[in-house]
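The structure appears right after this line, and notes come after that.
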Amino acid sequence: MEKQWWHSAVVYQVYPRSFYDSSGDGNGDLVGIISKLDYLQQLGINLIWLSPVYLSPMKDNGYDIADYQAIDPRFGSLEDMRELIAQAKQRDIGIMMDLVLNHSSDQHAWFKQSRQSRDNPYRDYYIWRDQPSELRSIFGGSAWQYDSQTEQYYCHLFADAQPDLNWENPQVAEEIHQMINWWTAQGVAGFRLDVIDLIGKQIDQGITENGPRLHPLLQQMHQACFKDKTLVTVGETWGATPELAKLYSDPARQELSMVFQFEHAAIDWHPQHSKWQPQPFNLVALKQVLTKWQTTFNGDGWNALFWNNHDLPRIVSRWGNDQQYRQRSAKLFATLLHGMQGTPYIYQGEEIAMTNVRFESLEDYDDIEIKNNYQEKVVEQQSLSHQQFMQGVYASARDNARTPMQWDNSSNAGFSQGQPWLKVNPNYTEINVAAALDDPQSVFYHYQKLIALRKSSEFSELLIYGTYQLLLPEHPQIFAYLRQYKQQRLLVVANVSEVDQRLSLDFKAKQVLLNNLQQPQGAVNRLGALQLAPYQAIIYVLE
Ligand code: TEU
């Protein structure tokens, strides 16, 4: 397949509100991000996915945009944004903007116009109907909101403050294309497209995901915005199967560079209560799903690799052990992911193994998804008790990922001189960047090594383009796979459990490339009689 610069990229996601507050107002900001670029450069990443920093009433932390071409004053100014782009570029780091195109804020000028009157020129920028359908909002409740001024309902697949744009209207596409091109002219390296699989919806037929207009719209966007540019684009597609992922990311189809698929991320969700009642972790199922995705593309698509983002609980708490084996299990998950084919994404704090949080009171949480679902599931339907719901929050809520970044052990984890918008995780005294940088065995340096192996080692090509083959598919505790490229072979083997494992693999090890335990090479290079400690993960070079 034709090589692209972003095949070899490693992306770091910044959730700006929680990253670093330079002004003392309790919210992270752009100047704060600029001041941490050296840290990100030290980690070795070369792209930053910046969650939204546009003008926003923050009903959904910036995923409700009031002006796509203005920066929210909480985050700074357009000047700061230009400075961030320039300063990052000096360090060979590109900036990926987050495009929220399925909906805007109800405070966007378009919507303010749209709701004025039925014959307003902006009326058809949004989806208005006389009667609501059965359609539910992803954040709970009906997807329709009555507006008394014009006596119609508007559609919102997320919060009622996030009205859905009407992509049936060609003017909407045109305005959006112009806006994207404006950002490209500012020098950004690419875009992440929020819930992009919803824009082809046919609302009257109840079709939201993967509607018939989706791919034509993306091809049109490609022609208008991405063609002949060196941009990277990644779509957020909760409903993607491998077949659908090829439609988006087959280079021949000229749509997007890659998509985030979520099959693995939702693997333990409850059939009825989804993430609010997660099921026990099943390694065999996880291996199956990831292997399917690892072996699905043959030059006709590309994987985005991730465990975490701002919507998901922390991997070390979710499927690792965030107590006794916090560092080791975090390194294990890092090894498994960065050993795979695709472009890896790291979510802020993952590189120091930040954990989920447990606030006593619902009041201490901010996320609208938590609040609306509580209202629906506990108060109205009573399908979950308060206790059960809180367990769901501890396991899965999005705020687990959104507590402020833990920089050091000073007050507020060194995140802010003021009152943070969301409480810091009390474990910051132990888990923080300063401590990680001081410890040569920390999770941070493990990520640094993995990134270096991918970016600039004799195994770069193998890690980026090599084939993938799962070993021991039915083993309930071992995740092992082979990567091969030309004459080179690597074996990744991990014990995803809290007990010692013995196993026999029919390969000859030449060298241990990476081990998350400090051991002499000889101790582990006999693959015929391999003993792995709890959460141990090793990458071998094979003969
Ligand atoms: O997320 C899409 C989305 O569907 C999530 O809300 C997801 O369903 C949920 O987290 C699982 O419980 C994107 C953004 O990443 C998210 O932060 C926004 O809230 C959402 O779109 C609306 O823009």
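All of these numbers come straight from a predicted model, not from anything done at the bench. First listed ligand is number 1; within each ligand, the first listed atom is number 1.
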Give the residue, atom name and distance (to 0.1 Å) of the protein heavy atom nearest atom 10 (O) of ligand 1.
R398 CD, 3.2 Å
Mode of D64 contact toward ligand 1 - side chain, backbone, both, neither (heavy atoms, under 4.0 Å)
neither
Does ligand 1 have a heavy atom under 4.0 Å from the side chain of R192, from its backbone, from both, or from neither?
side chain
Do me a favour and list the nearest non-hydrogen protein atom to atom 19 (O) of ligand 1 with residue, atom name and distance?
D60 OD2, 2.5 Å
Check: N309 and W49 side chains under 4.5 Å, non-hydrogen atoms:
yes
Distance under 6.0 Å and angle within 45° of ring axis: K36 vs W407:
yes
In this structure, atom 9 (C) of ligand 1 is nearest to the protein heavy atom E369 OE2, 3.1 Å
Which is it for F260 and ligand 1 at heavy atoms under 4.0 Å: side chain, backbone, both or neither?
neither
What is the nearest protein non-hydrogen atom to atom 3 (C) of ligand 1, stated with its residue, atom name and distance?
W238 NE1, 3.6 Å
contact_flag W269 ligand 1 heavy-atom lt 4.0 Å:
yes
Would R213 pass as a cation-pi partner of W167, given that its NZ or CZ must be under 6.0 Å from the six-membered ring centre and within 45 degrees of the axis?
no
Measure the distance from atom 2 (C) of ligand 1 to every protein heavy atom, then report the residue, atom name and distance (to 0.1 Å) of the closest one.
V195 CG1, 3.2 Å
F226 side chain reached by F191 side chain, heavy atoms, under 4.5 Å:
yes
Atom 15 (O) of ligand 1 - nearest protein heavy atom and its distance:
D311 OD2, 2.5 Å
Could you tell me the residue and atom name of the protein heavy atom closest to atom 14 (C) of ligand 1, and the distance to it rounded to 0.1 Å?
D194 OD1, 3.0 Å
Counting C-beta onward and ignoring hydrogens, is there a side-chain heavy-atom pair between W144 and I203 closer than 4.5 Å?
yes
Does the plane of the ring in W128 sit parallel, tilted or perpendicular to the ring in F111? Use 30° and 60° as the thresholds.
parallel
Under 4.0 Å between heavy atoms, the region of R402 that gets near ligand 1 turns out to be side chain
